[in-house]
Amino acid sequence: MAEDLQPMITPDYTPTDAAAPTGEVVIERASTPLEVGPKLNQTAADVVRFLMQQGEMVTATQSLTDDMIELFAAEVGAEIRLVDPGEEQENELLKLLEADFDQVELTEDFPIRPPVITVMGHVDHGKTKLLDQIRNANVAEGEAGGITQHIGAYQVDKEGRTLTFIDTPGHAAFTAMRARGADATDIVVLVVAADDGVMPQTLEAINHAQAADVPIVVAVNKIDRNNADPNRTMQQLSEHELVPEQWGGDTIMVEISALQNLGIDDLLEQLAVVAEVEDLRADPEGRARGVVLESNLDIGRGPVATLLVQHGSLRRGDPVVAGASWGRVRALLDDRGNQIKEALPSKPVQVLGLSDVANAGDAFVVAPNEKVAAKVAQTREHSQRIASLGRDAATTGGARLEDIFNQIQAGETATLNLIVKADVNGSLEAVVDSLQRLGRDEVKLAFVHRGVGGVTANDIQLAAASNATIIGFNVRPDRKARELAELEKVEIRTYEIIYKLIEDVENAMVGMLAPEFEEVVTGDAEVREIFRIPRVGAVAGCYVLNGAISRGSKVRFLREGAVIWRGTVSSLKRFKEDVREVQSGFECGIGLSDFQDLKQGDIIETFEEREVARV
């Protein structure tokens, strides 16, 4: 036994006859000889023998101090840098989050992936209707004003080939969302109405697609209209370097009618041909990476993010970092809401389990473990917070929206402090971006706070302290927030159409803000039970919290402060009797016109429009 131990305790140490590694070697603190030795071209036994010669009794699996590691490195002539455990993994992840995914080298050995196709075009030119026909779902219904206001991603199968579609809003305010769509896409479908021709957002979409260097396929829509003129539309497009194939150019143009379902199959076939020519491939192995298309806060499910996987495979249980958010993937849902186990490249999925609402447009990557994911997210959050310092520093001395013009007339430089709340992150980004463009020399815009979710009492308190106006887009204040706003004299303006929001703020700046009507909340009731009645449908068993609920009243249906439906109270009952009105403190049954998606805890808010004098 003593002879066996002799080599381990000899004081004579000479380094293994191997050259020291060149350059800086990164070693984690508390590493063992088994980990340190190979990094410095030595063995674990070399490390143990050397340290024993220095009077340090260690084993091959024992953690070493910084001094021990540095001493051995100096002995073998190596330059090292000690880092905290996981720091290198964090740095690697941070680099991946900042990396340009398009720079990943792909070869023909990788499998073919579905093309990511972005649908772009001017507002009301038929983009959403086109996607409706492709995937046989009616998305347009329920969109305020018929305008798509959130980004969506869908997959369809056509003759054995899978195609991924991204639907981007067409309104000018959503430029940033549309630009993000172009950056994440392989092919752009440019929808142009044959009766309207090339419009401002059409040119914008062309610029985004050309900047992203992706092929453009033009869908000349609405050819069924009497005043449709496809040739005039093609002529206008050719003036912007999109010359049709039938005119000797290289741009594929397909005449369609999304309404009549004409030419859709031809369009899909052309897209499949373009995808085949592009030879799109991806590595399905390794940690997933991609981009956040959309995110929102959902009642009961928490933060929900729509991710587009670009490389690798995303699986349930993976620890994920998405910008400054992180978490373990609790559930993966496809575009139809079905739970799936993994998402391959070009697959859009909804992910549950993140710690916070991710920023639309952020990169995401799978981390080695949750600890590293959390640390990276914290690092990103700190970096973003430092970068934003000073950007919105002007938060005092602001004026209310309705007082702005008076300050301008008095020759003062007015500061409009705003708190902006929206239902989803993409809408929030679009609203803030649009408002920032309205700033001018005599009016400075300062964003005190911006966030996703309903208007809360905390928002009211912040607005009162900073003299800010609250702008809500597709969200509403709850009763507590309304009462506090009235007490603190805080101005809240809520909108469901973005151009109305922009118009009001712009009009305030030129002294034209004088609404003829204002909405007055007349009552709100909490849904406490849902009854299913044959031939009638769902009826909400409610408790009236405030004011009074009247039959025939206009109503907003709120879930977690977000407006999810508007309509009227079609029926109102106390016990089994029809009644015209139910006061606060009483229970009642409420039937809503054309709405059945009732859940306990939802709020039914009734309101009326009252004429107000111009000031």
Side-chain angles (χ1 to χ4, degrees), residues 86 89-102 104 116 150-153 164 166 176-177 179-181 183-185 282 286-298 301-335 340 342-385 387-388 422-430 450-453:
Q89 291 176 317
E90 294 161 18
N91 290 335
E92 178 189 344
L93 277 185
L94 283 169
K95 288 176 183 176
L96 282 174
L97 286 167
E98 303 295 344
D100 182 354
F101 293 163
D102 293 333
V104 177
V116 179
H150 304 153
I151 195 166
T164 300
I166 299 177
M177 292 173 71
R180 180 167 58 249
D183 290 339
T185 198
R287 297 205 301 262
R289 288 181 288 161
V291 65
V292 180
L293 292 177
E294 186 53 276
S295 60
N296 68 290
L297 195 61
D298 187 275
R301 300 196 300 173
V304 180
T306 302
L307 309 182
L308 177 67
V309 179
Q310 294 175 295
H311 300 285
S313 295
L314 182 63
R315 297 178 177 86
R316 201 165 53 201
D318 282 346
V320 170
V321 180
S325 303
W326 69 279
R328 187 172 290 278
V329 177
R330 198 170 71 243
L332 281 176
L333 306 173
D334 64 15
D335 55 293
I340 57 176
E342 69 172 358
L344 298 173
S346 297
K347 179 78 173 176
V349 285
Q350 278 197 329
V351 169
L352 309 184
L354 293 181
S355 60
D356 203 354
V357 177
N359 288 324
D362 273 343
F364 81 85
V365 64
V366 170
N369 54 59
E370 284 186 87
K371 185 177 179 181
V372 173
K375 189 70 182 293
V376 169
Q378 290 166 6
T379 304
R380 286 289 300 262
E381 184 182 23
H382 178 72
S383 301
Q384 291 172 6
R385 190 164 58 245
S388 66
D423 55 341
V424 295
N425 202 280
S427 296
L428 177 68
E429 179 183 298
R450 59 193 85 174
V452 173

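Numbers here are sequence positions counted from 1.
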*Rounded to the nearest 0.5 Å, what's the gap from CG on Leu352 to CG on Asp298? Could you check?*
8.0 Å
*Please determine which of Val329, Leu332, Val292 meets the side chain to side chain contact (heavy atoms under 4.5 Å, CB included) test together with Leu307.*
Val292
_Side-chain heavy-atom pair Pro368, Arg287 within 4.5 angstrom cut-off_ = yes
*From Ser325 atom OG to Asp362 atom CG, the distance as rounded to the nearest 0.5 Å*: 7.5 Å
*Would you name the heavy atoms of Ala305 and Leu354 that are closest together and state the gap between them?*
CB-CD1, 3.8 Å
*Could you grab the distance from atom CD of Glu342 to atom CG of Leu314, nearest 0.5 Å is fine?*
9.0 Å
_Separation between CZ of Arg330 and CG of Asp318, rounded to the nearest 0.5 Å_ = 15.0 Å
*Quick one: does Gln350's side chain have a donor or acceptor within less than 3.5 Å of a partner on Val304's backbone?*
no
*For the side chain to side chain contact (heavy atoms under 4.5 Å, CB included) test, which of Val291, Val309, Leu308 pairs with Phe364?*
Val309
*Give, for atom NE2 of His311 and atom OG of Ser346, the distance between the pair rounded to the nearest 0.5 Å.*
9.5 Å
*Answer whether the closest heavy-atom distance between the side chains of Ile340 and Val349 falls below 4.5 Å.*
yes
*Do Lys347 and Thr164 come close enough that some side-chain heavy atom pair is under 4.5 Å?*
no
_Side-chain touch Trp326/Lys375, heavy atoms, less than 4.5 angstrom_ = no
*Once you round to the nearest 0.5 Å, how far does CG of Asn425 lie from OG1 of Thr306?*
11.0 Å
